[in-house]
Each structure stands twice: as C-alpha cells, then as structure tokens.
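Beneath this line is the structure, given in structure tokens, with notes to follow.
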Amino acid sequence: MEARKTMLNVFNRIWDTESGHMSAHWKRAIIVPVLKKNKDSGHLNSYRLISLTSILAKTMERLVVNRLNWYLEEYGILAVEQAGFRNNRSTCDHVTQFSQFVKDALDGRNILTAVYIDFKGAYDSV
C-alpha cells in the first residue's frame with residue numbers, strides 16, 4: 001500500500017508540474033519484430049513491431065488516459081457518434097442504428113444513401 005501511495009505521489013507531481021518532466025528511461029522502448037501469421041519472413045511488411053516499455057511509464061499512461069477520458073465524458077466534448085474506445089459504447093450500436101435506418105427507408109419507400117470508407121492499411125505507413 002505504501003508503494004502505491006508513493007507511485008501516485010510521483011505521478012501527481014509529474015502531472016502537476018508545467019514541464020511534465022519524466023524520466024528518460026520511461027521514454028525508451030525495446031522494439032521486437034514478431035512475424036505475422038502465415039507471412040513470408042523475408043519481407044519487412046510481414047512483421048508486427050511490439051514496443052516493450054517501462055511498467056511505470058505504462059502505469060502513468062493509463063492514469064493520463066483515465067483522466068482524459070473522464071474529462072472528455074464529463075464535459076461532453078466527444079461527439080455522440082463516437083463509439084470506439086469509449087465505455088458502455090460499441091461499434092455494434094452503430095450497426096444496429098444503421099440497420100434501423102435501412103429498415104425505416106425501406107418501410108417508407110425512401111432512398112437511403114450510405115458511404116463506406118475502408119481504412120484497412122491506412123496506418124501501415126506511420
């Protein structure tokens with residue numbers, strides 16, 4: 001319990017200071033390439049890179065994410081339509097809502113326009 005209080009004190013000091021100075025060790029990562037399933041080991045794109053970072057840094061990141069999520073939810077900053085990575089929301093909600101839109105359009109003999117964008121691989125170049 002004492003270690004937990006000490007860690008919280010350190011995290012709060014980092015959070016409260018203007019510089020937000022963190023240990024340089026927290027910013028380092030060991031990158032481990034892991035071969036993707038059923039991929040040729042001779043191609044660079046066949047590997048997924050995994051970053052091994054400090055447990056203390058990961059703990060601090062979790063605290064920051066929790067605080068940011070609370071703030072964004074508390075003040076209604078995120079759009080209602082945003083479902084990904086939010087508590088008590090799911091992309092299944094969007095599928096259900098879209099299905100209802102289709103049903104309503106068909107029942108009312110109306111035209112419904114839908115635009116699909118496939119982002120698969122969009123972030124591979126990052």
Side-chain angles (χ1 to χ4, degrees):
M1 194 64 165
E2 191 62 34
R4 187 175 173 179
K5 287 180 182 178
T6 301
M7 282 178 44
L8 181 60
N9 189 18
V10 169
F11 293 151
N12 281 331
R13 265 193 268 144
I14 292 169
W15 182 263
D16 290 337
T17 61
E18 286 184 28
S19 68
H21 179 72
M22 292 190 310
S23 169
H25 295 288
W26 289 16
K27 298 175 185 177
R28 292 190 185 127
I30 297 171
I31 308 298
V32 179
V34 177
L35 184 63
K36 295 177 185 176
K37 187 176 181 179
N38 300 323
K39 297 290 182 174
D40 179 12
S41 62
H43 291 83
L44 189 59
N45 290 340
S46 298
Y47 291 89
R48 177 175 290 112
L49 301 177
I50 306 295
S51 298
L52 303 177
T53 59
S54 163
I55 293 199
L56 289 174
K58 288 179 186 181
T59 305
M60 179 69 180
E61 288 172 6
R62 173 78 50 102
L63 286 171
V64 170
V65 165
N66 288 341
R67 289 178 184 187
L68 285 173
N69 283 336
W70 173 84
Y71 184 85
L72 294 171
E73 294 291 346
E74 183 70 18
Y75 294 99
I77 294 172
L78 296 177
V80 175
E81 296 81 13
Q82 174 65 36
F85 305 103
R86 289 179 76 182
N87 290 333
N88 303 317
R89 295 179 187 244
S90 168
T91 52
C92 293
D93 297 336
H94 290 296
V95 172
T96 302
Q97 187 177 28
F98 179 69
S99 297
Q100 187 64 47
F101 288 154
V102 171
K103 181 187 178 311
D104 292 346
L106 289 171
D107 290 347
R109 297 183 183 264
N110 295 321
I111 295 172
L112 177 69
T113 303
V115 177
Y116 296 92
I117 301 172
D118 183 5
F119 288 108
K120 182 179 180 186
Y123 302 103
D124 286 351
S125 62
V126 174

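Note: hydrogens, waters and symmetry copies are ignored here, and every other heavy atom, side chains too, is used.
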Q | More than 12 heavy atoms of other groups within 6.0 Å of K39 NZ | A | no
Q.
With rounding to the nearest 0.5 angstrom, report the CG to CG distance, N66 to L68.
A. 9.0 Å
**Q.** T53 to A29 - nearest heavy-atom pair and separation
**A.** CG2-CB, 3.6 Å
(Q) How close do S90 and A83 get, counting heavy atoms only, and between which atoms? (A) O-CB, 3.7 Å
Q. What are the two closest non-hydrogen atoms of N45 and K36, and how far apart are they?
A. O-NZ, 3.4 Å
Q) If you measure from CZ on R4 to CE on M1, what distance do you get to the nearest 0.5 Å? A) 5.5 Å
Q | Non-neighbouring partners of D40 that pass salt bridge (Lys or Arg N to Asp or Glu O under 4.0 Å), sequence neighbours left out | A | none
Q.
Does atom CZ (R62) have a neighbourhood of more than 12 heavy atoms from anything else shown, all under 6.0 Å?
A. no
Q: Could you grab the distance from atom CZ of R28 to atom NE2 of H25, nearest 0.5 Å is fine?
A: 5.0 Å
Q. Does I14 reach the side chain of W26, with side-chain heavy atoms less than 4.5 Å apart?
A. yes
Q) Can you hop from L78 to V65 via hydrophobic side chains spaced under 4.5 Å? A) no
Q) Taking only residues two or more places apart in sequence or in another chain, which ones pass ring-ring contact (aromatic ring centres under 6.0 Å, His included) with Y75? A) Y71
Q. In Å, rounded to the nearest 0.5 Å, how long is the span from CZ of R109 to CG of D107?
A. 9.5 Å
Q) In terms of hydrophobic clustering (I, L, V, M, F, W, Y; side-chain heavy atoms under 4.5 Å; direct or indirect links), are L63 and L72 co-clustered? A) no
Q. Do L49 and L52 belong to the same hydrophobic cluster, where Ile, Leu, Val, Met, Phe, Trp and Tyr are linked whenever their side-chain heavy atoms lie under 4.5 Å apart, directly or via other members?
A. no
Q.
For the CG atom on N110, are there more than 12 heavy atoms of other groups (residues, nucleotides or ligands in this structure) within a distance under 6.0 Å?
A. yes
Q. If you group Ile, Leu, Val, Met, Phe, Trp and Tyr by side-chain heavy-atom gaps below 4.5 Å, do L106 and L112 land in one group?
A. yes
Q.
Determine whether Q100 and D104 satisfy the following criterion, side-chain hydrogen bond (donor to acceptor under 3.5 Å, both in side chains), listing intermediate values before the conclusion.
A. CA-CA 6 Å; Q100 187 64 47; D104 292 346; 2.8 Å; yes
(Q) Does N9 have more than 12 heavy atoms from other residues, nucleotides or ligands lying within 6.0 Å of its CG? (A) yes
Q: Would you indicate whether I30, at its atom CD1, is surrounded by more than 12 heavy atoms from other residues, nucleotides or ligands within a distance under 6.0 Å?
A: no
Q. Residues two or more places apart in sequence or in another chain: which of them pass side-chain hydrogen bond (donor to acceptor under 3.5 Å, both in side chains) with R48?
A. none
Q: Check whether V10 and L8 end up in the same hydrophobic cluster, where Ile, Leu, Val, Met, Phe, Trp and Tyr are linked by side-chain heavy atoms less than 4.5 Å apart.
A: no
(Q) Strictly distance-based, threshold 3.5 Å: is any side-chain N or O of R89 a donor or acceptor partner for the main-chain N or O of V80? (A) yes
Q.
Surrounding CD1 of I55 (heavy atoms of other residues, nucleotides or ligands, distance under 6.0 Å), is the total greater than 12?
A. no
Q) Are the side chain of Y47 and the backbone of V32 linked by a donor-acceptor contact shorter than 3.5 Å? A) no
(Q) Nearest 0.5 Å, please: how far is CD in Q82 from NE2 in H94? (A) 7.0 Å
